[in-house]
Each structure stands twice: as structure tokens, then as C-alpha cells.
Protein chains: 2
Amino acid sequence: MTDTQEWVERFPGLSRLEPHIKQLLLSRSAIIEVPGGITLFGPGNSPENMLFLLDGTVRVQQVSDTGHEIVLYRIHAGESCVLTTACLLAYENYAAEGISETAVQAAAVPREVFDDLVAQSKSFRDFVFAAFSKRITDLFLMIDEVAFQRIDVRLADKLLKLCDGQDVVATTHQKLSVELGTAREVISRQLQEFQRRGWIEQARGSVTILDRAHLERLADHSA
Amino acid sequence: MTDTQEWVERFPGLSRLEPHIKQLLLSRSAIIEVPGGITLFGPGNSPENMLFLLDGTVRVQQVSDTGHEIVLYRIHAGESCVLTTACLLAYENYAAEGISETAVQAAAVPREVFDDLVAQSKSFRDFVFAAFSKRITDLFLMIDEVAFQRIDVRLADKLLKLCDGQDVVATTHQKLSVELGTAREVISRQLQEFQRRGWIEQARGSVTILDRAHLERLADHSA
DNA sequence: CAGACTTCGGTGATATTGTCACCAAGCACG
DNA sequence: CGTGCTTGGTGACAATATCACCGAAGTCTG
């Protein structure tokens, strides 16, 4: 797997930290590894540590009272869970949960160390506030999309984001509906329409992108 | 208006600050007053200061590319704009704007002072992170509502929140539609239905609540 | 005051999306 | 092989959004 020595260097926002701060971060953190499909945090299960993701992705999603689910965002390698953890610590009874989508490698930083770092290093403060800001602006964008964007545009966009350069997206209609916070039937019908137009091909549990250009054009009708 | 001496005491999260920190906050901040209807911050107009609201409310809303508007949240007396400001500083080109809904009195704290405070005081750090956390969890809830809640439930809820103990809400259908991120016609039809049931009475530019209990019952179908 | 203009709200037709109830094909596993 | 589970398809219908209007109520101005 990845070399965990000097993991700090792999965080764009952390590599410019003062040397003794880096040292503190490295010496007081532990590397943890988690397989995919594990609930890392959730209602009634707030972790003691702030996580800095070295490898893998964590999916943060929410279940509403009505039983509907929606994916809020993902945390990728090079990002941290600071805010989610902070949220969980501040408000015990909220409904978001974080699930490892792949095997995950992360640096766990205890709360006290985190607080020390914020106090001592301006660079670290900038990193933390930038992370919060990014998250909040992303949530603003998401609200805009959920409220105003047509479902075909959102689906095209999501397929392109999930395919990660590949042409095949391994997912089910059900999972796609949770990504967008809509119903499975809606996804099925939209995918049928995409297929009818020759933009994709479907198989059980996968979607193959045939015409990326057209999907991109539809998705860009938004942004 | 309000007594601005020792305004720090009026912030639940700040009153427990260390005395010298309070002093720093008081001495390095300026009290500003703004009439209602002014855009305090927005695209291409990020303020230099962090605002701590002493009196009045600020409405934060967003305009999408499609021309649709939606109210994201409000900042009330005793709360701060920390995050919005932080967001604006980090990402210049985003579309949210803050508008004073009433005459507003606020303490303006320069960025450097804010950074100093975060570095020096654990209590202040706790205040700031709690504010961020609250905002993020509120945005999670909002996403859930926009994605999954029926419009009649959301409208009933919004009317109850806007009436502020009074029985008359002075607003237009247009403004209510922006509150919920929907179309004016939808609001008109829902209000007609509420009126037909005898829950409200309408006049040009105002809604009078006649049957609070029924509205509450409808609104609580969610939470 | 008359006329012009704007804001506010109403309405019908139609498109899009969500909900519900059900079915059938593919797959896992004893 | 049968049984149950997952995945996806379908039709009917409900809720919401969009579009194109319209008229009534206020505002402004000469």
C-alpha cells in the first residue's frame, strides 16, 4: 500500500506547515486501516479522532425520518473528516453517517492534539478553515442542484463523476437513486432514455458509457 | 437601541471567555449599524471583518444559474457570520449573498484579530467550531427537507417559523416561494388550500394564521 | 384625477418527477 | 432443484414545476 512515512507531505494544505508542527502531527497520530463497507461514524457512534485520509474514499450520507437516503459528499485521499467529526461531537443526535467505500488508510489525530495544532499553527488553522469553507460551499451547490436541477442533468453529471475516467460504472439503479436523493424508478426511466439515445449501455449492476460527449453536454447545461 | 457595552456577554458561547480575551475582543472590534435591505456580502463583495450580530437578522440566500433563488439560512442576534465570511474569503466566486432583513447592529472583528483569538483561547475555538458545526448540520437538514419533504409540510413549517409568535405574517407569495425554493404558483395554490380548510386567511401581502394547531400538526409530520 | 406602470395573485394546460403496486428475470445458496 | 433475495421494468396515478396568460390592487406622474 502507500508509504505512511511523512504522510503529511501528501496533503496539499499541510505540506507547508512549520517543521515542528509537522513533527507533532506525525508523532501524535496513528495510522489506521479499515476495509470497505464499514460505518466509520454515525448516529450514536462518534469517533474520538480526527481522520486524515491517506487512501480510499469515505461516503457521507443521511437517512431521513421518511426513510429516504441521500449521499451528501465524499471524502477522498488528501482530505480530512474534521468537520464531520466536529459536527458529531457537537450534536450527538444527527443522522449522517460515514461509510468506507473502499479499503481506507487514514491518520487518526486525537482531539487534544488537533486543538493544540489549531492553537499553535496559523498554517494549520488556514487548512482547517479552508476545509470547512469548501464543505459549506459544496453544500450550497448541492442544495441548489437538489432544488432546481433537472434529474436527467444531475444523473448525467453523477455518472461522469462516478466513472472516474473509466467507461464502466459498477452500480445499481438503487444506488444511483440514493446518490441523487430520488426514487429508483426515476433512475431506471432516465437510464432507459439515455440508452435509447445510444449514450449508455446497461447491464445488471453496471452502466457503460458509450457517448461521453453527449452526457457532458447535458451535464453542463447546469454548471 | 441596545447597549453595546460588554456586548460579548450577550453571546451565549462567548460569555465564558477568559477575561483578557473578552477585553481583546471588545477593544479591537467596532460597532456598526446598517439599515434593512442592504447587501452586506455577496459575489465580488467579501467583507474584511467577521460580524457578530447584536441586533436584527441577516438573510443568506443564493441565486442559481437558472435564475432560481432560495433562502439558505438566517443569522440572528447572538450569532456570528464567521463561516460565511470564511467561505467568501476562501472562494471568491460563489453565489450566496447576505442581506440585512431589518436594521442591524453588529460588532465587526478584523480578520487578524479573529485569527489571534482562535490561537489564544480554547473557549473561542469552541465557539467557532460549534458555530460551524451547527451551520453544517442545519444545511444537512435543509438538504433533507428540500429533497424529501412535501411542499405543504414545508410551507406550514415556514409560516410558523416566520410568524414569530404573531398571527400575521407580512410577506408575499413570491417571497415565500424563495424561502422554499419553489415557484410562486405552487405557493399560491397551497395557500388557497390552507385557506379553504380555514387554517389561514389571505390578504395582499399578508397571511393571517387562524388555526395554528392544524398547521403545527401538518408541519410536524416531518420532524 | 387620468393614465401608465409595477407588483401581486389567480388560472388552465402541460411537463416533469415522485409514489405505489406489482411483476419477472438474474443470482445466491441450501 | 427450489427458495428467497436483488435487480430492474411497467402502468397508473399524485405532486410539483413550468409556461403563458389575466386581472386586480397599488404607485407614480403629469
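Proteins get letters first, then strands, A, B, ... in listed order; numbering begins at 1 in each.
If you check the side chains of Thr57(B) and Glu101(B), you find a donor sitting under 3.5 Å from an acceptor. Donor-acceptor pairing under 3.5 Å is recorded for the side chains of His173(A) and Gln202(A).
Applying the ring pair (Phe, Tyr, Trp, His ring centres under 6.0 Å) test to residues at least two apart or on different chains, the pairs with a partner in residues 183-205 of chain B are Phe194(B)-Trp199(B), Trp199(B)-His214(B).
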Open item on the list: Please encode protein proximity along nucleotides 9-19 of chain D as a string of B, S and -, counting only heavy-atom distances under 4.0 Å.
Closed with: BBBB--SSSBB

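Inter-residue side-chain proximity for Asn49(A) and Phe114(A) is flagged as unmet; no heavy-atom pair is nearer than 4.5 Å.
In this structure, CD of Gln174(A) is placed 9 Å from P of dG8(D), rounded to the nearest angstrom.
Annotation: the span from Gln61(A) atom CD to Thr39(A) atom OG1 amounts to 8.5 Å, rounded to 0.5 Å. From Phe129(A), atom CZ reaches atom CZ of Phe129(B) across 5.0 Å, with rounding to the nearest 0.5 Å.
Salt bridge annotation for Glu193(B)-Arg197(B): present, with a cationic side-chain nitrogen under 4.0 angstrom from a carboxylate oxygen.
Five base pairs at each end of the helix from dC1(C)-dG30(D) to dG30(C)-dC1(D) define two local axes, and these are offset by 30° (rounded to 10°).
Taking Asp211(B) as the reference, nothing meets the salt bridge (Lys or Arg N to Asp or Glu O under 4.0 Å) condition, with sequence neighbours excluded.
The aromatic rings of His68(B) and Phe148(A) sit parallel to each other, their planes meeting at less than 30°, with 60° as the upper class boundary.
The footprint of chain B on DNA chain C, defined by a heavy-atom cutoff below 4.0 Å, extends from dT7(C) to dA13(C).
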Review item, side-chain donor-acceptor pairs of residues 175-182 of chain A, under 3.5 Å, at least two apart:
from: Ser177(A); atom 1: OG; to: Gln174(A); atom 2: O; distance (Å): 2.6
from: Glu179(A); atom 1: OE1; to: Arg74(A); atom 2: NH1; distance (Å): 3.2
from: Glu179(A); atom 1: OE2; to: Arg74(A); atom 2: NH2; distance (Å): 2.5

